[in-house]
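The next block holds one structure in the form of C-alpha cells; read it before the comments.
Every chain is numbered from 1 and lettered A, B, ... according to where its sequence line falls, protein lines coming before strand lines.
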Number of protein chains: 2
Amino acid sequence: MKERSAAECCPTPNTEPDLRPVEGQEADEELAALAKAVGHPARVQILRLLAHRTSCVCGDIVDELPLAQSTVSQHLKVLKEAGLIRGEVDGPRVCYCIEPRALRRLKVLVAGL
Amino acid sequence: MKERSAAECCPTPNTEPDLRPVEGQEADEELAALAKAVGHPARVQILRLLAHRTSCVCGDIVDELPLAQSTVSQHLKVLKEAGLIRGEVDGPRVCYCIEPRALRRLKVLVAGL
DNA sequence: CGATCCTATCGTTGTTTCACGATGAAAGAA
DNA sequence: TTCTTTCATCGTGAAACAACGATAGGATCG
C-alpha cells in the first residue's frame with residue numbers, strides 16, 4: 001500500500017495573477033465551459049473530494065461514488081478537458097488533482113457576475 | 001415607448017443571510033443545477049445583460065443575441081427554472097430580472113469549492 | 001371589433017450527455 | 001512469461017439539450 005501525498009503530483013501552487021478579462025465574449029464562453037463542467041452532481045462531488053484531501057485520490061474516487069468505474073472515468077475526463085483537474089500517471093494508477101489556476105478562474109468569473 | 005426602471009419589477013434587495021450549508025449532497029446538487037444553468041454562453045450573456053442594466057430588459061434580449069426569439073425564450077426559461085432570474089408580466093411584454101438571492105447563492109457555493 | 005405586437009409553447013431535427021458493460025493497454029506482481 | 005490490478009476507451013441505448021420555424025394567447029392600438 002503506497003501512500004501518496006499532494007507534493008508527489010500537484011506541484012503547482014502557481015500564485016501569479018490572472019490577467020485575462022472577466023467580461024466579454026471570450027470570458028462568457030470560458031465561464032460557460034467551466035460551469036458546464038461543474039454542472040453535474042457527480043463532478044461537484046469529485047471536485048470536493050480532490051479539494052478536501054489535498055492529496056490526490058486515484059481510483060478511490062470510484063469507491064466514493066455510486067457509479068460504475070467507466071462512468072467516473074468519463075466524468076474525470078470532462079473535468080480534465082475543462083482544465084479543472086489534472087491527471088498524472090503513477091505506475092498502474094492515475095493521480096488526479098485540482099488545477100488551482102482553473103478553479104480560481106472559475107471563482108473569479110462567477111464572482112464577476 | 002415606455003421607460004422601465006429596476007424598481008418597477010425587481011423589488012427584492014433581500015439582504016438576509018443565507019443559512020443553507022455550503023457542502024454536502026444537497027449543496028452539491030444545488031451547485032450542479034445552478035452551474036448547469038450557467039453552462040451556456042447565451043445564458044451567461046443574458047445574465048450579464050440583466051446585471052448591467054439594473055433595469056429589466058424584456059424582449060430587447062432577443063435583439064442582443066444572435067438567436068431566434070424562441071431560442072432566447074427557451075434560455076430564459078432555463079434560467080428561470082434554475083431560479084436565477086424572474087419574469088414579471090408588464091402589459092404585452094415580460095420583464096426579466098436577476099434573482100439576487102440565487103446569484104449570491106451560486107457565488108457562495110462556487111467560492112466554497 | 002380587427003390588426004399588431006410581444007412572448008411562450010409546440011413540434012421537429014440533430015447533437016450531446018449520461019450511464020453502463022465489455023474490451024484494451026500498461027504496469028507490477030508472481 | 002503469465003496473471004492481476006488499474007484505468008481509459010469503445011459501443012450502445014435512453015434521455016436531455018439546442019436551435020429553429022410555426023403557432024397560439026394575451027395585451028394594446030387603431
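At whole-Å resolution of the value, CG in B:Asp60 and P in C:dC5 are 16 Å apart. What separates CG of B:Leu76 from C1' of D:dA18 is a distance of 14 Å, to the nearest Å. In this structure, A:Glu88 atom CD and C:dA27 atom P are separated by 15 Å, rounded to whole Å. At whole-Å resolution of the value, CG in B:Asp90 and C1' in C:dT7 are 13 Å apart. When rounded to the nearest whole Å, the span between NZ of B:Lys77 and C1' of C:dC6 equals 17 Å. Nucleotide C:dT7 holds its C1' atom 8 Å from the OH atom of B:Tyr96, rounded to whole Å. Summarising the geometry, the separation between CG on B:Leu65 and P on D:dA18 is reported as 14 Å, rounded to the nearest angstrom. Remark: C1' of D:dC7 and CD1 of A:Ile46 are 14 Å apart, rounded to the nearest angstrom.
Considering all non-hydrogen atoms of both residues, A:Val22 and A:Gly112 come closest at CG1-CA, 4.1 Å.
In this structure, of D:dT28, D:dC7, C:dG28, it is D:dT28 that holds the atom nearest to the side chain of B:Pro92.
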Treating primed atoms plus P, OP1 and OP2 as sugar-phosphate and everything else as base, which nucleotides of nucleotides 15-20 of chain C get B, S or - for protein heavy atoms under 4.0 Å?
--SSSB
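The phosphate of D:dC7 (OP1 or OP2) has no side-chain N or O of A:Ser73 nearer than 4.0 angstrom.
Mapping A:Val89 and A:Gln69 onto DNA chain C by nearest heavy atom places A:Gln69 at the nucleotide closer to the 5' end.
Checked for salt-bridge contact, B:Arg104 and B:Asp18 miss the test: no charged N lies under 4.0 Å from a carboxylate O.
Rounded to the nearest 0.5 angstrom, B:Ile98 CD1 and B:Leu79 CG are separated by 9.0 Å. The line from CD1 of A:Ile46 to CG of A:Leu84 is 11.5 Å long, rounded to the nearest 0.5 Å. Between atom CD of residue A:Gln69 and atom CG of residue A:Leu76 there is a gap of 9.5 Å, rounded to the nearest 0.5 Å.
Counting only N and O atoms by type, the side chains of A:Gln45 and A:His75 include no donor and acceptor under 3.5 Å apart.
Under the rule for a side chain to side chain donor-acceptor pair (under 3.5 Å), the partners of B:Glu30 that lie at least two apart in sequence or sit in another chain are B:Arg20, B:Arg105.
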